[in-house]
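Each chain gets a letter, A, B and so on, in the order the sequences are listed, and its residues count up from 1.
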Number of protein chains: 2
Amino acid sequence: MAVAVSSKSAVAIHALTMLARWDDKSLTSAEIADSLRSNPVLVRRILGSLRVAGLVWSTEGRNGGWSLARPAGEITLYDAYAALEEGPLLSSHPHPPSAECEVGRNMQRLLEVEFRDAERAMAQRLGQTTIADLVRQVLASERERARRAH
Amino acid sequence: MAVAVSSKSAVAIHALTMLARWDDKSLTSAEIADSLRSNPVLVRRILGSLRVAGLVWSTEGRNGGWSLARPAGEITLYDAYAALEEGPLLSSHPHPPSAECEVGRNMQRLLEVEFRDAERAMAQRLGQTTIADLVRQVLASERERARRAH
DNA sequence: TCTTACTGCAATCACTATGGTTACATTTAG
DNA sequence: CTAAATGTAACCATAGTGATTGCAGTAAGA
C-alpha cells in the first residue's frame with residue numbers, strides 16, 4: 001500500500017520554502033514546477049488551496065506570480081498540511097459495523113477517539129517546524145556544500 | 001480526498017477486540033465479517049497479516065478459526081497498525097525534485113526527517129492503547145446500555 | 001470413509017484518488 | 001496589441017481499495 005496521504009503536502013511545503021527563500025521577488029508556477037519536476041497546473045492547484053488558507057497570494061497577468069502572505073516564521077508545516085489534507089488520516093470502518101454485535105456497535109466510536117488523538121499528536125509535531133526553519137536548514141546545507149566544493 | 005490510509009487497521013483492531021472479548025473460544029472469519037458487515041475473505045486477508053506479525057493464530061479445517069497469540073493487554077493499536085500499513089504515512093515527493101534548484105536538492109531529505117518524526121508521534125500515541133483497554137471500554141458501554149434499558 | 005465446515009489464496013471487478021496533461025478564458029505589463 | 005502569467009475545466013493512465021467468486025487444502029465428526 002504505502003499510498004498514504006497524497007504528496008500534496010510535500011509539494012506545498014516545497015513551494016512555500018521556495019517562496020520564503022526568494023521572498024524578495026514573486027515566483028511563477030512554472031519556476032516552482034521546474035524545481036519539483038512537475039507541471040505548472042499542479043502547482044497552481046496546490047498553491048490555490050494555500051491561498052484559500054491565507055498562506056500565499058498571487059497576482060495575475062504579466063509578471064504575475066506567487067508570494068508568501070505571512071512571514072515564513074509564522075507558517076508551520078501543519079498549516080500547509082491542514083490546508084490540503086481535509087479528511088481524517090486514519091480512516092475508520094468503510095461501512096458502519098453491525099449493531100447486533102456487542103463489539104460492532106461500540107467500535108466505531110472508540111476508534112474515532114483513538115485515531116483522532118493519534119492524528120492530533122502528529123499534527124502537533126508538524127506544528128513545531130516553520131517554513132523559516134526549513135529555509136535556514138537549506139541555507140546551512142548550501143553553505144556546507146559550497147565549503148566542500150571549495 | 002480523505003481517502004487517507006485504508007481502513008485495514010480499523011478492521012484489524014475490530015477483529016482483535018472481538019477475539020479478546022470472546023477469548024474462551026476461537027472465532028471464524030465469517031463471524032468477524034458478520035460484525036464488520038464485510039466478507040470473510042477480506043477478514044482472512046487482514047488476519048493473515050496479523051498472523052505474520054505474531055498477533056493471532058489460526059487453525060484450519062472444521063471447527064477452525066482465529067485466536068489471539070498473546071494476551072490482549074500486550075497488543076497495542078500500534079501493533080495492529082504496524083502489521084498492516086507498511087509505507088510511510090505522509091508521502092514525500094512523487095519524483096525526486098530538481099537537483100539544479102537550491103531548495104529542490106535539499107527538500108526531500110529535510111521532509112523525510114520531519115515526516116518521520118510526525119509519524120513517530122502518532123505511532124507513540126497508538127502504542128498507548130491496548131486491545132484489553134478497548135475490551136474494557138466495550139464492556140463498560142454494554143453495562144451502561146443494559147442499565148439504561150432496565 | 002464421506003461429508004461438512006473451515007482456512008488459504010489467486011483472480012477479477014467497480015470505484016476512487018492521484019498526478020500529469022491539454023486546452024482555453026482571463027488578466028495585466030510593456 | 002502582444003506576451004506572459006493565473007484560473008479552471010476536462011480528460012487520461014495508473015494504482016490502491018474493498019468486495020466477490022472460485023477452488024484447493026485441511027481437519028473434525030457422522
Nucleotide N/O of nucleotides 28-30 of chain D paired with protein N/O under 3.5 Å:
| residue | atom | partner | partner atom | Å |
| --- | --- | --- | --- | --- |
| D:dA28 | O3' | B:Asn63 | ND2 | 3.2 |
| D:dG29 | OP1 | B:Asn63 | ND2 | 3.4 |

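With DNA chain C read from its 5' end, the first of the two nearest nucleotides for B:Trp66 and B:Pro94 is the one closest to B:Trp66.
Looking at B:Asp79, its side chain does come within 3.5 Å of a backbone N or O of B:Thr76 through a donor-acceptor pair. At distances below 3.5 Å, at least one donor-acceptor pair connects side-chain atoms of A:Thr28 with backbone N or O atoms of A:Glu31. At least one donor-acceptor pair closer than 3.5 Å links the side chain of B:Glu119 to the backbone N or O of B:Leu90. Between the side chain of B:Trp66 and the backbone N or O of B:Trp57, no donor-acceptor pair lies under 3.5 Å.
By the 4.0 Å N-to-carboxylate-O rule, B:Arg105 lies close enough to A:Glu142 to be salt-bridged with it. Salt-bridge annotation for B:Arg147 and B:Glu144: present, with a side-chain N of the basic residue lying under 4.0 Å from a carboxylate O of the acidic one.
Using a 4.0 Å cut-off, no side-chain N or O of B:Thr59 falls inside it from OP1 or OP2 of C:dT7. In this structure, A:Ser7 reaches the C:dG19 phosphate: one of its side-chain N or O atoms is under 4.0 Å from OP1 or OP2. Using a 4.0 Å cut-off, no side-chain N or O of B:Arg44 falls inside it from OP1 or OP2 of C:dG8.
Minimum interatomic distance between B:Gln128 and B:Asp133 (heavy atoms only, all atoms of both residues): O-OD2, 3.9 Å. Residues A:Met107 and B:Ile13 approach most closely at CE-CG2, 3.7 Å, considering heavy atoms.
Partner of A:Ile75 under the side-chain contact (heavy atoms from CB on, under 4.5 Å) criterion, chosen from A:Leu50, A:Leu16, A:Thr130: A:Leu16.
Going from atom NZ of A:Lys25 over to atom C1' of C:dA29 covers 18 Å, rounded to whole Å. In this structure, B:Leu47 places its CG atom 13 Å from P of C:dC9, rounding to the nearest Å. Atoms CH2 (B:Trp57) and C1' (C:dC6) sit 14 Å apart, rounded to a whole Å. Rounding to whole angstrom units, CG of residue B:Leu50 and C1' of C:dG8 are separated by 15 Å.
For a distance-only test at 3.5 Å, the side chain of B:Arg45 qualifies as a donor-acceptor partner of the base of D:dA19.
Here the nucleotide nearest the side chain of B:His95, chosen from C:dG20, C:dT18, C:dG8, is C:dG20.
No engagement by A:His93 is indicated, since no non-hydrogen atom pair under 4.0 Å with the nucleic acid exists.
For DNA chain C, the neighbouring residues in residues 26-43 of chain A, judged by any heavy atom under 4.0 Å, are A:Ser38, A:Asn39, A:Val41, A:Leu42.
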